[in-house]
Amino acid sequence: MPFIADVIVDVPAMQTDQPFSYAIPESLTELIEIGMRVEVPFGNGNRHIQGFIVGLTELDIMPNDLKPIINVLDLHPVLNEELLELADEMKETTYSFKITCLQTMLPSVMRSSYKKYVTLLDNNLPEKITDELFLGLGEIEWDIAKESPHFSELLELRRDGKVDIRYEVTTKNKVKTKRVIKKALENSELLLEKEKTRKNATQKHRLLDFLMEIDESEFSIKELLETHDITRPTINEGHKSGWLTIEEREVYRNPYAHHQFKKDTPLKLNEEQQLALDKMKVSMDQEKSDVFLLEGVTGSGKTEVYLQAIAHVLEKNQTAIMLVPEISLTPQTVTRFKKRFGDDVAVLHSGLSQGEKYDEWRKIERKEARVVVGARSAIFAPLENIGLIVIDEEHEGSYKQDETPRYHAKDLAIWRGKYHHCPVLLGSATPSLEARARAQKKVYQLLTLTERAVSKAMLPQIDIIDMKEEMKQSLTTTFSSTLLEKLKSGIAKKEQSVLMLNRRGYSSFVMCRDCGYVLPCPNCDISLTLHMDTKQMKCHYCGHEERIPYRCPVCDGDKIRYYGTGTQKVEEELKELLPEARVIRMDVDTTRRKGSHEKLLAQFGNQEADILLGTQMIAKGLDFPNVTLVGVLNADTALNLPDFRSSEKTFQLLTQVSGRAGRGEKAGEVIIQTFNPEHYAIELAKAQDYEAFYQQEMRLRHQGNYPPFYFTAQLVVSHEEEHLAAKKMYEIVAFLKKYLSEGAILLGPTPKSVARINKRYYYQTVIKYKNEPNLSNGLKIILEESQKEIRNGLRITIDMEPQHFI
DNA sequence: AGCACGCCGACT
DNA sequence: GTCGGCGTGCTC
């Protein structure tokens with residue numbers, strides 16, 4: 001009975017976002033399985049593209065209008081049943097194409113690239129074709145032919161059947177191999193060979209001696225060349241003489257090959273940690289898909305709880321995923337896992353090359369690693385029998401992908417938890433309001449760690465410096481006198497300092513340097529953004545606009561200025577003010593090169609510098625016991641972004657970075673410089689009182705109808721013509737209103753803060769809602785209806801629960 | 001997406 | 001009269 005295959009093809013478009021049926025040729029019937037990648041013909045001409053098998057159906061009679069599958073790209077399925085189901089979930093919740101979801105789940109090397117060639121069929125063509133166009137070759141690339149002046153003649157030749165067009169589907173997932181030798185003769189025979197060999201052929205003797213020494217094991221040729229002083233020709237001779245065999249073996253590119261990980265043992269847990277672990281164990285043993293929120297102050301030993309919980313699932317022969325924000329997936333973090341679980345760990349993050357990522361992925365797929373540590377996309381790790389999923393720094397916005405498919409790793413983690421009947425553990429010192437509120441409502445189970453784990457370590461002393469006061473006395477706005485004093489005395493005591501320059505966000509704002517006043521929107525609880533293009537202050541939520549003030553509306557001062565600084569500038573200033581200080585600067589510029597992040601941190605760890613100066617990337621996860629001082633140069637930048645999460649982000653960042661101080665036995669100290677010393681996010685960060693912050697912020701969110709009291713969805717329309725983008729946005733909103741209840745709140749349409757990017761104009765609308773059963777339908781119809789206009793250059797994106805509103 | 005088909009303006 | 005412009009429709 002013939003089978004037909006349902007294939008999702010690599011054409012990300014609405015009309016092709018469905019399975020297409022293909023005939024399975026006889027030769028492939030035994031090989032083909034659901035979840036494999038295939039090469040299929042698609043459309044007119046003879047175009048070949050990649051596709052995924054998502055179904056196999058047995059039919060009595062083969063419909064005769066089906067095209068056959070050309071080729072199978074995998075030996076084993078690359079997506080199992082669970083991941084295929086997860087792709088459906090993603091498609092539904094993120095409003096994206098199935099093919100995009102499927103490709104997102106796999107290492108990028110498995111995505112096919114396409115090439116089109118023109119092949120010469122008739123050799124008796126005029127010279128200008130064979131020589132000038134085909135350059136004497138039998139085949140050339142289509143893209144090259146297209147540029148040729150003879151291109152139009154080529155099209156004629158094609159009609160006459162004198163040239164053919166060939167499509168190539170290539171995929172870069174190459175396995176790396178090494179060549180190994182193995183002895184082919186018994187020692188007695190080798191001894192005979194040795195006697196036959198000339199006395200002065202020292203190389204050959206050495207090789208024979210070596211072969212007699214090794215038993216049946218394999219030896220890599222590379223190793224032989226490097227360590228046994230035997231040359232390649234000698235090995236080849238030995239091969240020819242039949243002394244040894246040479247074979248190809250697959251190897252993994254191991255990014256940690258040169259690291260030695262000394263096995264460590266579980267640390268003794270304190271009472272709180274033990275209690276948290278015990279509660280988790282109950283859930284793990286009863287195979288419950290509970291979600292836990294582990295709220296633990298910085299340095300309270302959350303990681304140790306993760307490690308021991310993971311150890312518990314490994315004991316039960318299950319597997320585990322541990323997600324870490326990209327920014328804190330530092331060598332320190334990786335080392336900690338490698339030390340505990342050794343080769344059982346696979347690491348997936350953006351620092352790896354495509355090949356390395358593929359190898360780590362294959363290691364997981366082949367069940368050679370049971371613990372996966374990685375950034376957002378590691379949630380797609382092809383593990384089976386998952387016993388626990390951990391998401392560290394749960395509050396981090398980077399768990400949401402900010403391009404299509406706009407999935408949130410936390411949602412997918414909870415989905416996989418349900419699928420595997422296993423718990424999900426969310427950890428943070430400063431939980432997101434959403435997570436903390438769910439814990440309040442007992443949707444998540446709350447576990448708390450209130451003490452630092454190292455016995456003597458205390459939470460650091462935090463001081464706030466009012467930069468408005470500071471401004472009156474000194475000329476520099478970067479360093480307060482207090483901070484400079486502390487830095488100096490730190491150097492004198494041979495202790496280290498961390499300085500953070502907060503540069504979160506990129507829209508500029510204006511602030512009064514006398515009183516710290518930032519222009520708010522009269523309709524929303526956020527600040528206005530400066531738009532230099534239109535010379536106006538704008539609100540991104542309601543569209544309110546007003547003139548740029550030249551005097552402060554509150555204190556009438558005229559020191560109202562733009563705000564913003566860079567790390568380089570600070571480094572220069574630091575050199576002038578503290579010439580004796582050795583400074584390491586860490587920002588996107590100094591860490592772009594592979595491994596430089598690691599190198600800089602190692603230098604700092606080896607006391608090769610007194611001060612580590614950096615952006616947010618130094619706020620997380622670093623654990624240097626000799627750091628006793630943390631300085632935040634400008635706590636305000638995040639505070640003034642027109643985003644309802646700006647206070648939350650500021651509080652989180654200040655808490656995280658403060659946590660870098662006093663992790664060893666010496667007490668830590670934190671200096672926060674700000675123009676808004678009385679802002680609750682800053683005051684409560686000083687008090688290190690997350691719970692108070694949570695209460696306060698919840699009140700404000702409630703007043704403003706923001707999450708976690710409301711859900712949010714963002715619609716963005718863009719077009720090269722501003723009025724077309726605006727017009728469409730208004731049409732969509734008018735249409736969508738029919739699908740919304742009275743309770744839904746619409747913010748907009750408004751132009752986006754960066755109104756024009758790449759010559760395109762962006763308009764947005766934010767929907768705040770509680771319960772809108774028809775919203776999803778309405779959005780789907782909008783996407784479908786807008787199909788025709790995509791050709792005219794219109795683009796529409798839907799972002800459910802967006803993380804950034806700028 | 002990308003390819004073919006089809007219907008209107010400026011060329012040998 | 002035709003070459004080629006890009007609007008439209010379809011892809012198993």
Side-chain angles (χ1 to χ4, degrees), chain A residues 2-26 28-29 32 34 36-73 91 95-104 108 111-119 141-161 163-171 403-405 719-721 724 783-797:
Chain A
F3 274 97
I4 59 164
D6 300 323
V7 177
I8 298 288
V9 293
D10 184 9
V11 181
M14 190 121 253
Q15 295 113 302
T16 51
D17 191 26
Q18 50 172 1
F20 286 83
S21 305
Y22 284 89
I24 303 171
E26 191 98 4
L28 298 178
T29 44
I32 236 158
I34 290 175
M36 283 180 172
R37 296 172 306 147
V38 287
E39 179 181 342
V40 289
F42 194 71
N44 296 321
N46 196 25
R47 186 183 168 203
H48 290 190
I49 53 172
Q50 192 194 67
F52 287 85
I53 306 269
V54 293
L56 295 172
T57 328
E58 196 168 10
L59 285 185
D60 296 335
I61 6 120
M62 176 67 79
N64 50 15
D65 55 346
L66 294 188
K67 288 184 184 176
I69 287 173
I70 308 278
N71 214 344
V72 184
L73 270 39
K91 174 180 155 54
Y95 300 91
S96 40
F97 304 126
K98 181 86 173 263
I99 186 67
T100 320
C101 297
L102 293 172
Q103 285 172 335
T104 303
S108 58
R111 203 166 295 185
S112 288
S113 48
Y114 306 112
K115 260 202 181 136
K116 197 175 162 184
Y117 295 93
V118 203
T119 319
E141 272 180 45
W142 176 264
D143 288 347
I144 293 168
K146 222 162 133 184
E147 301 305 311
S148 158
H150 305 302
F151 184 63
S152 53
E153 292 159 68
L154 193 70
L155 294 176
E156 258 174 64
L157 291 170
R158 193 186 166 195
R159 270 196 291 276
D160 301 342
V163 297
D164 194 18
I165 290 181
R166 187 175 69 87
Y167 291 81
E168 199 177 79
V169 175
T170 45
T171 167
E403 52 193 60
T404 41
H719 197 281
E720 285 191 19
E721 298 280 342
L724 290 179
L783 282 182
E784 272 166 41
E785 293 289 308
S786 326
Q787 261 321 93
K788 303 136 212 162
E789 282 149 289
I790 288 179
R791 272 220 159 86
N792 309 325
L794 194 85
R795 283 208 283 262
I796 295 180
T797 53

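Note that these values count all heavy atoms, side chains included, but never hydrogens, waters or copies made by symmetry.
The separation between A/Trp142 atom CH2 and B/dG2 atom P is 13 Å, rounded to whole Å. The interatomic distance linking A/Asn46 (CG) with B/dG2 (C1') rounds to 14 Å, in whole Å. Protein atom CE of A/Met14 is 19 Å distant from nucleotide atom P of B/dG2, rounded to whole Å. When rounded to the nearest whole Å, the span between NZ of A/Lys115 and P of B/dG2 equals 15 Å. One interatomic measurement links the two molecules: CG of A/Leu66 to P of C/dT11, which rounds to 12 Å at whole-angstrom precision. For the pair A/Phe20 CZ and B/dA1 C1', the computed distance is 12 Å after rounding to whole Å. Protein atom CZ of A/Phe42 is 9 Å distant from nucleotide atom C1' of B/dA1, rounded to whole Å. If you measure from atom CG of A/Asp17 to atom C1' of C/dT11, you get 14 Å, rounded to the nearest angstrom.
Looking at the side chain of A/Asn44, the nearest of the listed nucleotides C/dT11, C/dC12, B/dC3 is B/dC3. Closest to the side chain of A/Ser21, out of C/dC12, B/dC3, B/dA1, is C/dC12. Side chain of A/Gln15, nearest nucleotide from B/dA1, B/dC3, C/dC12: B/dA1.
Residues passing the salt bridge (charged side-chain N to carboxylate O under 4.0 Å, His left out) test with A/Glu168, sequence neighbours excluded: A/Arg166.
The closest side-chain heavy-atom distance from A/Tyr114 to A/Val169 is below 4.5 Å. Looking at A/Val11 and A/Ile99, their side chains never come closer than 4.5 Å, going by heavy atoms from C-beta outward.
For C/dG9, the OP1/OP2 oxygens have no side-chain nitrogen or oxygen of A/Lys788 closer than 4.0 Å. Dashed line: the shortest gap from a side-chain N or O of A/Tyr167 to OP1 or OP2 of B/dA1 is not under 4.0 Å.
Across all strands, A/Asp6 comes closer than 4.0 Å to no nucleic acid atom at all (heavy-atom distances).
Nearest heavy atoms, A/Pro68 versus A/Pro41: O-CD, 3.3 Å.
No hydrogens or angles considered: a donor-acceptor pair under 3.5 Å links the side chains of A/Ser113 and A/Thr170.
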